[in-house]
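See structure below.
Lettering follows sequence order; numbering is per chain, from 1. What you see is a predicted model; the values in this text were computed from it and never measured. Just the heavy atoms: all of them, side chains too, but no hydrogens, waters or symmetry mates, feed the values below.
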Number of protein chains: 2
Amino acid sequence: MTQETQIEMNETLMAEARELDELWVRLSWTSHRRFEQELDRFNLTGPQFMALRSVHKCGNGCSMTELAGAAHQVSPTMTGIIDRLLERGLVERQRDPHDRRSLLVSLTDKGAAMLEAVAQQKRIRMAQFLAGIAPEERERIQQTLQQMLDFFAAEIVTTREEPVS
Amino acid sequence: MTQETQIEMNETLMAEARELDELWVRLSWTSHRRFEQELDRFNLTGPQFMALRSVHKCGNGCSMTELAGAAHQVSPTMTGIIDRLLERGLVERQRDPHDRRSLLVSLTDKGAAMLEAVAQQKRIRMAQFLAGIAPEERERIQQTLQQMLDFFAAEIVTTREEPVS
DNA sequence: TATTGTTATACTCTATAACTATA
DNA sequence: TATAGTTATAGAGTATAACAATA
């Protein structure tokens, strides 16, 4: 490959990247706002829903550290989120008998019902979307999103990056 | 189509919807957190970046109402965001001579440079993603995201939805 | 000493309600 | 009266620093 072709390819790639980034910014912001609107009916916030979902997935009780890690957050943030879910009786929190520094957070029946109601609403909306898509294209959509998730998940860092001037 | 087939199709659709929703929740949350990490290098928040981007697109000055609408936000929220950008000298705000109730918000040189630096970083990252995708699949990705954007954008409502018990 | 988690603090985003200025 | 925008207020999420309890 000549150097010229290399440069041309890079320019094409950058042009495509610019266009795709533009689309992605709009999609992710719109979806973010839409998501919060949906949750508002249940008096839940996005982080609260994500926390409920994580607690559900843990099964036999999550530690605060696990919950914070799952949400890519720092532990004092998760303390606040769980506190508010506790006040509303959606989760419960006990000491781990095997390590009394740790806590085990789990869903109450009320919390499980709330999570299921939200998940149901979200599934219905996604089904409405899929209904407008040709069946053979649905696989393609799943592939696309999975590729993006793999990329972004690998990019998440735990250390602060070098600030710009 | 028999009723049985109808039901079977709906179940298949709901199963696919469940799977896709699960993937989408993870992708959008991960991308959201990653986005904020990237912006942190510039001491910007997500809403601040979205506002800078909207101001840039308006060209000859945006009204506060336009900015709030573009971000699906309410105007006092945008007042706060723009106030902080003003303090940092990234935007300027003047009265509209044709209607002295309105304001015209525009980018300063510093704001334009900041926006360009962020956009550059985002384009590079998206190009890194695209570099791992076969060229013939890139079109497919764009189509997928566009379909999702069309769906979510249509779903955004301005009135509050019926709360759930 | 190291780990788990909370408290204290400060800042941003968010919405609603009340207000001012202009049309 | 209606519209554009801000101020006042309250609550949620976020991170950092300092702390307590347990290992």
Check this one for me: any side-chain N or O of B/S75 less than 4.0 Å away from OP1 or OP2 of D/dA4?
no
Contact under 4.0 Å: B/R93 side-chain N or O vs D/dT6 OP1/OP2:
yes
Using a heavy-atom distance cut-off of less than 4.0 Å, which residues of residues 48-71 of chain A contact DNA chain D?
A/Q48
I'd like to know if A/E137 and A/R140 make a salt bridge, using a cut-off of under 4.0 Å between side-chain N and carboxylate O.
yes
Assign A/T77 to base, sugar-phosphate, or nothing according to its heavy-atom contacts below 4.0 angstrom with the strands shown.
base
Please report, rounded to the nearest Å, how far the C1' atom of D/dT14 is from the CE atom of A/M78.
11 Å
d(CD, B/E87; C1', C/dC13) in whole Å
15 Å
Sequence neighbours excluded, which residues qualify as salt bridge (charged side-chain N to carboxylate O under 4.0 Å, His left out) partners of A/R18?
none
Per nearest nucleotide of DNA chain D, the residue lying toward the 5' end, A/I81 or B/L104, is B/L104
Short side-chain N/O contact to C/dC13 OP1/OP2 from B/T45, under 4.0 Å
yes
Mind jotting down which residue pairs meet the salt bridge (charged side-chain N to carboxylate O under 4.0 Å, His left out) criterion with at least one end in residues 101-122 of chain A? Sequence neighbours excluded, please.
A/D99-A/R101, A/E116-A/R123, A/K122-B/D21
Can you measure A/D83 atom CG to D/dT14 atom P for me and round it to whole angstrom units?
14 Å
Which of the following nucleotides, C/dA15, C/dT12, D/dT14, is nearest to the side chain of B/R84?
C/dT12
Atom-to-atom span, CG of A/L39 to C1' of C/dT14 - whole angstrom:
14 Å
Under the salt bridge (charged side-chain N to carboxylate O under 4.0 Å, His left out) rule, what pairs show up with a residue in residues 49-74 of chain A, not counting sequence neighbours?
A/R53-B/E22, A/K57-B/E22
ring-ring contact (aromatic ring centres under 6.0 Å, His included): pairs with one or both residues in residues 123-147 of chain B, sequence neighbours excluded:
A/F151-B/F129
Output all residues satisfying side-chain hydrogen bond (donor to acceptor under 3.5 Å, both in side chains) with B/W29, sequence neighbours left out; order by chain, then residue number.
none
Whole-Å distance, B/N43 CG to C/dA10 C1', equals 15 Å
Rounded to whole angstroms, how far apart are NE2 on B/H72 and P on C/dT14?
12 Å
Show the nearest heavy-atom pair for residues B/L20 and A/Q142, with the distance to one decimal.
CD1-CA, 4.1 Å
Atom-pair distance (CD on A/E36; C1' on D/dG11), nearest Å
14 Å
Separation of B/I82 atom CD1 from D/dT7 atom P, in whole Å?
14 Å
Partner set under salt bridge (charged side-chain N to carboxylate O under 4.0 Å, His left out) for A/R95, not counting sequence neighbours:
none
Before accepting this row, confirm whether a basic side-chain N of the pair B/R88/B/D83 lies closer than 4.0 Å to the acidic partner's carboxylate O.
no
Disulfide bond (SG atoms under 2.5 Å apart) pairs touching residues 33-109 of chain B, sequence neighbours excluded, are B/C58-B/C62
Show each protein N/O and nucleotides 18-23 of chain D N/O combination with a separation under 3.5 Å, one pair to a line.
unit_1 : atom_1 : unit_2 : atom_2 : d
D/dA23 : OP1    : A/R100 : N      : 2.8

Mapping A/T79 and A/H32 onto DNA chain C by nearest heavy atom, which one lands closer to the 5' end?
A/T79
